Structures are given as C-alpha cells and as structure tokens.
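Take a look at the structure set out below.
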Amino acid sequence: MQPSVSIKDLSLNFGSVKVLEHLNLDIAQGEFIVLLGPSGCGKSTLLNCIAGLLDVSDGQIFINGKNVTWEEPKDRGIGMVFQSYALYPQMSVEKNLSFGLRVAGMKRAEIDQRVKRAAEILQIEPLLQRKPANLSGGQRQRVAIGRALVRDVDVFLFDEPLSNLDAKLRSDLRVEIKRLHARLKNTMIYVTHDQIEALTLADRIAIMKNGVIQQLADPHTIYNKPVNLYVAGFIGSPSMNFINGTLDGEIFTAEDGTRIPVGAYEFGGARTGAAKAVLGVRPEHIFIGEAAEGMPFKADAEIEIVEPMGSETLAWTKVAGIPVTFRCSSDIPLAAGDKVVVGFDIARGSLFDAESESRL
Amino acid sequence: MADIATQSDQVAGDSSRPGPFRRLFLHNLSAKIAAIPMVATVLIIFVGCTIWTVYYSFTNSRLLPRNDFVGFDQYERLFATSRWNVSITNLLLYGSMSLVLTLTLGFLLAVLMDQKVRFESAFRTIMLYPFALSFIVTGLVWQWIMNPTLGLQGTMRGLGWAGFTFDWISNPRMVLFALLIAGLWQGVGFCMILMLAGLRGVDEEIWKAARVDGIPTWRTYISVVLPMMRGVLVTAVVIIGSGIVRLYDLVVALTNGGPGISSEVPAKYVYDYMFGGGNIGQGLAASTMMLLTVLIIMVPWAYLEFGGKGRRS
C-alpha cells in the first residue's frame, strides 16, 4: 500500500539557518504519527511544510502518491488544527465550519450535510449558532477540529492543539482525539512537546532534535529501547537515571568502581573492547526491599528525599555515587534516611556509547 | 481618615457593604480626587459652553452677547442664507467622499504595507509625514501645486503641452475635489497606520487556517480580517469624522471659501460671523446646528454600540 504521506529528502533553510535537513519520513494510511521534541526542534516547521504553509528549500512531499510539494494548502487534501484554535471570531460556529466550503462554491445541501455530520461527531450541535467568544477552550478546539473535519480530507494535521487548555480538559480532549482517530481512521500528524500526549496517542512517534528525526518508532520501543542518550533523556518523567562508567566485556564499571554485570543485556550490534559507556535505568525499573532481592544487581542505598505522589512514591537516593530516582508503590513506607536495598535488572536498562551517544 | 474608613470597609467584606453614599464618595477616594480636574473641565468647558452656545443662539447678540431673546429668528435667517446652505452641502459631499476614500485608501495601503515589503518603516514614515504638517501648510503647498498659472498646469503648459488643464482650484464645480485631494494627502497616512496596527493584531494562525480552508487572500481580508478590526475601524471613523466636521484651516489656506462661495464650510461660516462679522447670535445658531448634526449621527450609533450591551455578546 502506498504511504499516505511521504517526505523525501526535505530541507528548509531560513537564510543561512538550516531548520530541516534531508528529512525522510513515510507515514502509512490511517497512521497516527506524533512529532515530538522541544521548542525549536523543527517539528512545527515540518508540519507547516506538509500543510504547504511554508515553501521548502529542497526535497519533495507526496500525499496519497501525488507530488504536492508546490501545491496550495487547499489542494493537498489536508485539514489543520492550530494551537490558538484560529477560529474566525466574527462568525458563528456553523459559519466557521462552512465558510471554506461556501467559498469553494459547494452546494448548500452538501455543506449542510457535512456540517451536520461534523457537529454530530464532535457533539457541538447545540453550539452551532454561537460565536467563538462564547465558547470554552475545549469547545473552541472541537470547532477547530470540526473545521478540518468538514473538508473531508485524508490527512489531519494538528499543531499543538491541546497546549492552550488546562490539564483536565487536555486529558479529556486527548481521549476524544484518540476516539476520533479510531472512528475516522484518517492519517493524523500531530505535533506536541508533551510526551504524555505523544505516548498515549501515537502509533509511531518521531522524536526530533535540531531538525533531525532522532528515532521513529512505536511508543513502546521509544520508551524501552531509546536509540540514543537524547531520546532516553527526553522521554520519561522523571527522566532515566544515567550512570557513567566503562564497559569491558560483560562488566560495567561505574566511575566510583561499582561493578555491574551486564551479561543479560541485549546488545544491538558488534562491540569493541573496553569503552566509555553510559548505563541508563528508568526509575520504575529500580526495585527495593524484597522485590530487589531477585534482581541481578543489588546495592545498599540511603533514601535522601521522598516525594509522595498519591498513586506512587518517588524517592531520591545514590547508587554508585550518582543521584538516582526510583518509583515505588505508595504502600511501601519510606522516609528520608531509611537504609534500603535497591536492585535492577540490566535486561530492562539501556547502555549507550559515551562517545557517539547511541545505543549499544 | 477617609482612607482608613474605606480600608476597613474592604476588610469587613461583603457582610457590611458600604451604603450608596459611601460607595459614591468614599470608595476609591484618591482616584476620585485625581479625576476632579478632568470632571471639572468636562462640565465647565464642554457642557457649560455648549449650554452657553445654545442659549445665546436664541438672542440677537451682535458684537457682545446680550440677553435679548428673538426666538428662532437666527435660525430662520441661517437657513435663508445661501452661503450656509452651500456650506452644508459642501460638508456633506466632502465629508462622505473623504470618509469613504480615507478609509478605503488607508486600508488598501495598510494591506500593501502588510505584504512584508522591504523598507517598510521608510514607507510608513513617508506616508505619515503629511500628518505631521498643519492644515495651513498642506493648504498652501497644494494651493501652489494647483494654482493654474504657477503650479502643475503652468509647468505642463510651459513644457509645451498647451492643452493641459488642471484648474480645479478655480473651478467652482471642481473645487471640492481640490480640497479632497489635499485632505486625503494629509489624512490617508494616519488612517493607514491605524489600519496597519489592526492588521498586525490579527493572529498569524488565522491566516494559516484561511489558507488551509482555501479562502483567497482578498476574501480573507474582507470576510475575516476586516470584521476583526472593528475596534480600529471605529477609532478611525471617529478621528476622520471629527476632522471633517471641524474642517476649517485647510479651506482657509487653500481656497478661502472661493471661488465665490463654492467651497465654504460650516466651521468657516461660524468663525466668520462670530469674529469677523460681529454677529455672535448668527454664529452661535450655526454652531448649534453643527452640534445637532453631529448628535443626530452619534446618538443612534452610540445607542447601537453601547446601549444593547446586555443582550449582545
């Protein structure tokens, strides 16, 4: 099956500043792709290029097999939802939805039918006669999604659509977008800097940094097998614990001399002798007490700070002389100063080459 | 002392809300004291002088105000004077053309300026420069340019184009357009700056959304952006409108009402009768009529704009 959206060797420069460089990305039909990265990583720029709102410097963009690199946005078969909603403030919701279609000269009956369907899907029927100023943030964003919906397009583009909403609404609407995708089965490209949104929504996540896709994989792989130190540190909150040291054969030696056997680790490629390396362990993969007993690596540690978070507890301690956080059930009583045994299984950790920062 | 009282009122909270007297006079006392000079100015200068004007327009005051009432005599005389009637017609014609053209040209220039042109600030400065000149200077400059023997017409004829004619300033049927040219030259730049500020206030994402929706640029300007600029438009109309009503110095400098009385305007009529002709009663009657005209336009608008606020969004 041909990809829904295909980006070939795309580059974009603003003057001498290279924002995107030789970027390649194939997105399958009906796939939900999230572009994730910090501000200024080029994710919104990439989305604007796909939408046709920015002219590319080099490369090509195909949507449904058609080369749309130099097409106007309206001819690309896309609908777009913006962070600031970008509704037309002087028009009612109904007009907002239908304006583009009316300008395109579509028949009245067809417009009505499309608006009705979009309003029904998004449950905004009671709001149709209101002005955007009289809507809440969540309702506005639904109207904005509706405006993309009535265009009856194959590809939906979301540019940080939930960033202007408060936490509660954000998680509600997140589920609704997921539901919408399950129902419509359109291709969706979603830009965000919120990793929770990325992990919950995406079929595949593209993590970007400085205009380059660092890793493109499903959320599970991204989370458990990050390809480099950047991805490992970016995904996960609190972030992964990193221990610097040297790797020689199947023994990792931390800087303070602690030896950690890494025989159980699945190495990706060929290895050369002794080399500087970084060992990464997620906070939830570190266990204490009885659970730690069965772990291949154990160490004594003293709790420094405890952060109870309700459903779980976050604790700070030191392993191999390096500050380490771990997560445990809130049922386990913990207090600062407690002496505990912590342990982890290296098979669930990650090892990175300290030089190239990529996964070993 | 009063300050302490208001503070304790606030501390006490809702349970002991201040009475109407306290709310009117003691609440935010320092702010009210600060507002007194402006309130006094409004009451004495604007309201007081308006009442004075209307009052004496019913007397037969000549050089000095007198309490000798003559009813509507001054008004009957006013509307029997052809100069006044010409003035009113001129103002209506000039005003409607000036308002429409200033807004249209100002908006068009602002749109052009909004296309990310190079040297935008230089253009902006050039366009705004005429606004920094007084109407007298504008009038004189354009008087020279449009003077049939000295100005454009003379130059072109001197260059050998014997048939070239540009004599609007001395042509009773065209003199209003001569005024209009000078007025637009002066006023369009300012209107453009206002409009440009309004255009810049429109969120970039609205433009993107319109492009994705496939709405042509001109349509976006008219159907989306212009309605969003309502506040700026009202400001522009009020400023241009007040400039039109008090139009005086431009006429004095450019044509002095001529040829004949063909470019007379009401403000000039008022000035000439009050200070030149020594006929205060007649001048005040004319200015009362100007006030009335403004009110007839303003009151329904103000009612629409502010009156129905409860119902509207």
Side-chain angles (χ1 to χ4, degrees), chain A residues 44 47-48 50-55 71-92 95-106 129-135 140 143-151 153 155-161 163-164, chain B residues 103-104 106-107 110-111 114-121 194-238 301 304-313:
Chain A
S44 282
L47 196 75
N48 280 319
I50 298 173
L53 296 168
L54 280 175
D55 287 340
E71 296 274 3
E72 271 296 300
K74 68 179 164 76
D75 302 322
R76 294 187 174 208
I78 52 147
M80 192 158 175
V81 178
F82 298 90
Q83 179 178 355
S84 67
Y85 324 125
L87 299 177
Y88 310 131
Q90 304 297 331
M91 298 184 192
S92 67
K95 281 245 175 79
N96 259 288
L97 295 180
S98 62
F99 187 49
L101 306 180
R102 279 187 288 134
V103 169
M106 189 181 280
Q129 298 313 319
R130 290 212 214 159
K131 290 264 179 75
N134 302 333
L135 301 177
R140 282 182 215 183
V143 176
I145 295 172
R147 198 168 53 183
L149 212 58
V150 292
R151 289 174 50 71
V153 290
V155 182
F156 278 64
L157 308 176
F158 295 88
D159 193 356
E160 308 213 14
S163 300
N164 276 10
Chain B
L103 286 175
T104 319
F107 183 70
V111 167
D114 198 33
Q115 308 302 310
K116 298 194 174 94
V117 288
R118 270 219 227 180
F119 310 119
E120 185 199 309
S121 55
L194 279 180
M195 298 281 190
L196 191 58
L199 288 180
R200 290 286 151 84
V202 172
D203 188 355
E204 192 71 23
E205 291 198 334
I206 293 263
W207 279 105
K208 290 184 177 179
R211 274 189 74 190
V212 171
D213 261 355
I215 297 158
T217 310
W218 65 268
R219 188 76 201 263
T220 312
Y221 271 116
I222 291 175
S223 299
V224 178
V225 174
L226 211 50
M228 285 176 78
M229 286 170 50
R230 185 192 168 84
V232 171
L233 285 174
V234 169
T235 311
V237 168
V238 167
W301 172 77
L304 281 177
E305 188 73 14
F306 306 112
K309 203 137 203 167
R311 293 181 282 109
R312 287 192 323 147
S313 55

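Order of the sequence lines sets the chain letters (A, B, ...), proteins ahead of strands, with each chain counted from 1. Source: prediction; values computed, not measured.
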*Contacting moiety of A:Leu87, where chain B heavy atoms sit under 4.5 Å*: backbone
*With a 4.5 angstrom heavy-atom cut-off, which part of A:Asn48 approaches chain B: side chain, backbone, both or neither?*
side chain
*Set of side chain to side chain donor-acceptor pair (under 3.5 Å) partners for B:Arg200, sequence neighbours left out*: B:Asp114, B:Glu120
*Within the distance-only criterion (no hydrogens, no angle test), does the side chain of B:Glu205 pair as donor or acceptor with the backbone N or O of A:Phe82 below 3.5 angstrom?*
no
*Quick one: does B:Arg219's side chain get under 4.5 Å of A:Phe99's, heavy atoms only?*
yes
*Sort out for me which of A:Leu157, A:Asp75, A:Leu53 touches chain B most, counting heavy-atom pairs under 4.5 Å.*
A:Leu53
_Only heavy atoms, only distances under 4.5 angstrom. Which residues in residues 208-216 of chain B are near chain A?_
B:Lys208, B:Ala209, B:Ala210, B:Arg211, B:Val212, B:Asp213, B:Gly214, B:Ile215, B:Pro216
*Criterion side chain to side chain contact (heavy atoms under 4.5 Å, CB included) on A:Met91 and B:Val224, from CA distance to verdict*: CA-CA 8 Å; A:Met91 298 184 192; B:Val224 178; 4.0 Å; yes
*Top residue by heavy-atom pair count (under 4.5 Å) with chain B, among A:Arg147, A:Arg102, A:Glu72?*
A:Arg147
_Check: A:Val103 and B:Ser223 side chains under 4.5 Å, non-hydrogen atoms_ = no
